Amino acid sequence: MVPADTTAAWQALTDHHAALRDSSLRSLFEADSARADRMTLQVGDLTVDFSKHRITDETLALLIALAEETGVASHRDAMFAGDEINSTEGRSVLHTALRSADPVVVDGDDVVPEVRQVLDRMGVVADRIRAGEWLGATGKPITAVVNIGIGGSDLGPLMATRALRHLMPVELQIRFVSNIDGAQLDAALTGLDPETTLFVVASKTFTTIETMTNARSARSWLLAGLGEGAGTGGGAIARHFVALSTNAEGVAEFGIDTANMFEFWDWVGGRYSVDAAIGFSVMCGIGAAGFDEFLAGFRTVDQHFRTQPLAENVPVLAGLIGIWYRNFFGWQAHAVLPYTQALERFPAYLQQLDMESNGKQTLRSGEPVSYDTGPVVWGEPGTNGQHAFYQLLHQGTTPVPCDFIGFLEPEPAVVPGLDRAVHHRLLFANMVAQSEALAFGKTSAEVRADGVGDDLVSHRTFPGNRPSTVITAPALTASVLGQLIALYEHRVFTQGAVWGINSFDQWGVELGKVLATRVGNELADGLDDGPAHDPSTQALIERFRTHNE
Ligand code: F6P
C-alpha cells in the first residue's frame, strides 16, 4: 500500500490543479463540441454523464495514473478473490459473492450454493406471505411486515422498499423501526393488528442495543395483543418473528426458532447487506423473482467494475473525480440528488455506505493519513431540495459536487386514474435545468441584459462552474436499483483504495456505544464504577435522575 500523496501522480495532479483551477466549464465546452458525447459512459442501464466536471483528458489520465500507482485494480481483485482485505477485523469482503453467478471460494469452499440456498428459503417464506399463506398464531394471513433493525440492517431495506413500492402489493404494509426512541415503534405499531403482523428482527450481530430493545418491546406487544389461548408463547413467536442475522445463538436465545432465521456471513458488511438476508422485507414486497432481478442488477455493475479498463470503468471514474475535488480543490461535501420521490431514502442510505466506509484517519498500515478522506454526503429528492438548500449549491462560497439521478419514465401509478406523465416531464426538466445552471451559471452581463438594475446585479449573478454527474436510466426497476447501489459501492471502494484506508471496518462508532451503555446503567441504578465523567456529562446524568426521581 502506497500513501496516495507519495505518488508521482499526486504531485502531477497538484500541479495540474494549479493550472486548471481557473478554467471554466463554459470554456471547456466551447473548446470541445464532442465533450458531452465523449464523457458519457454506459454501464448496464445507467447512462453516466461526466462532462460537467472540471476535468480534461489530462486530468483523467493523471487520476488513472493515481489509481494505478495506489493499486486500485489489485485491491479490487483481492476483494473479489476473497482475500482478507478487512485487515483490522481479519475478514474477507465478499458482498459481491451474494450476487455472483460464478463460484466464489472462501476457505476452500464455494460459498455461492449456500448463498442461493438461503435466498431460496427466504423466497419460499416471502412468497407465502405475499400469497396470504403464511398465517399468524390465530390463523389469519400476515398483512404487515415490521423490520426492526438499525444502520445497515435498516437503511438498505427501507430505501429499497420505498424505491420499489410500485412493484409491491398495496395491501401488504412494510414498516421500519430503527431508533431506540420508543416513539418510532409506537408509530410503526399504530393501527396494526398483532394477529396479522410479522416482525423481522434484522441484526448482523443480534446484540445491537437499539434493535434488541425494540424487538423485546415488539414481542411484549405481540404477546399481550394475542392474549391467552391464542397460541401465545413459543408458537406465537414462531409465526410472528423472523430473524436475519449471522448469530444463530443470539437468535435462539431471544426465542426465535432458528428455522425462521435467514443467515448471512461475517464477510458481508452491515452497510453492504441489503442484497443478503437483510433484504428480506424487500423480498416480501417484490417477491423472490423480483429480488433475483435486483441481484442481477448488482451483478451487471460488478462485472463491469471487475473487467473494464480503469479509463472506461464508471465506478472507478466516479470515485477518482470525487478525489479530484476532495483532495485537490479541498471541497468537503458531496450531494446526491435523486429526481424521483421513490429514491427519497437513497441519500441517507449512501450516507452510511460512504461515511461509515471512508470516514477514516488511519492508513491500512496503521499510520495516520496525511490527506483528507471521505466527504460529508447528503441529499434530498429533487425538487424538494431546490426549495431548501440549493441556494447554497448555486451561490454558496464552497462548491459542492452533485450527483443528479433521473429516469426517462415515471414508475407506474399505484392509484388508478392518476396521470403521472405531466409531473414527470416537469420533474425531469428540473433536473436538467439544475445541472445546467450549476455548470454554466449566469454572468453579470447576462443579468444586466435582463434589465436588472446595478444594485441587484451581483446578487443575481450565478458563478456557475459547479460540477455534477448526471445519471439517467430508462426506468426505476429492481435491476436498475441494484445497478445504482453497486455503482456507489464500487465508487466508495475506489476512493478507499486510493486513500489506502480500510473501508470495511467502523471502529469510530464503538466509543459512543460503550459510553451509552455505561451511562444507561447509571441512569437505571445509579451505580458506576468507571472513571469519573467530565463535569458536563455528570451534570446531564444528575439532571435526568433528579427529574425522574
Ligand atoms: O454501529 C454501526 C453498526 O455496526 C453498523 O455498521 C451496522 O450496520 C449497524 O451498527 C447495525 O448492526 P447490526 O446489524 O449488527 O445490528
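In each ligand, atom 1 is the first atom listed, and ligand 1 is the first ligand listed. Residue numbers start at 1 and run along the sequence shown. These numbers come from a predicted model, not from an experiment.
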Please write down residue, atom name and distance for the protein heavy atom closest to [atom].
{"atom": "atom 11 (C) of ligand 1", "result": "I150 O, 3.2 Å"}
{"atom": "atom 6 (O) of ligand 1", "result": "E356 OE1, 2.8 Å"}
{"atom": "atom 10 (O) of ligand 1", "result": "K513 NZ, 4.3 Å"}
{"atom": "atom 12 (O) of ligand 1", "result": "T208 OG1, 3.5 Å"}

For a quick test of reading the model, state the closest non-hydrogen atom pair linking E263 to A277 and the distance between them. O-CB, 3.9 Å
With sequence neighbours left out, the residues meeting salt bridge (charged side-chain N to carboxylate O under 4.0 Å, His left out) with R175 are none
Walk me through it: do D77 and S74 pass the test side chain to side chain donor-acceptor pair (under 3.5 Å)? CA-CA 5 Å; D77 295 345; S74 59; over 6 Å; no
Atoms of ligand 1 under 4.0 Å from any heavy atom of V509, numbered from 1 in the order shown, are 1 (O), 2 (C)
Rounded distance [0.5 Å steps], CD in E89 versus CZ in F504: 11.0 Å
Decide whether the shortest distance between a heavy atom of E210 and an atom of ligand 1 is less than 4.0 Å. no
Look at ligand 1 and say whether E510 reaches it with a heavy atom at a distance under 4.0 Å. no
Do L226 and E195 have side-chain heavy atoms sitting under 4.5 Å apart? yes
Location of contacts on T205 toward ligand 1, heavy atoms closer than 4.0 Å: both
Pick whichever of G152, G149, G250 has a heavy atom sitting closest to atom 8 (O) of ligand 1. G152
Can you tell which of G151, S153, A202 gets a heavy atom nearest to atom 14 (O) of ligand 1? S153
What is the ring orientation for F254 with F206, classed by angle as parallel under 30°, tilted 30 to 60°, or perpendicular over 60°? perpendicular
Looking only at distances, can you tell me whether any N or O atom of G270, backbone or side chain, sits closer than 3.5 Å to an N or O atom of ligand 1? no
Are H75 and F493 an aromatic pair, judged by ring center distance below 6.0 Å? yes
Can you list the steps and then say if Y349 with Y488 is a ring-ring contact (aromatic ring centres under 6.0 Å, His included)? CA-CA 10 Å; Y349 170 75; Y488 279 94; 9.0 Å; no
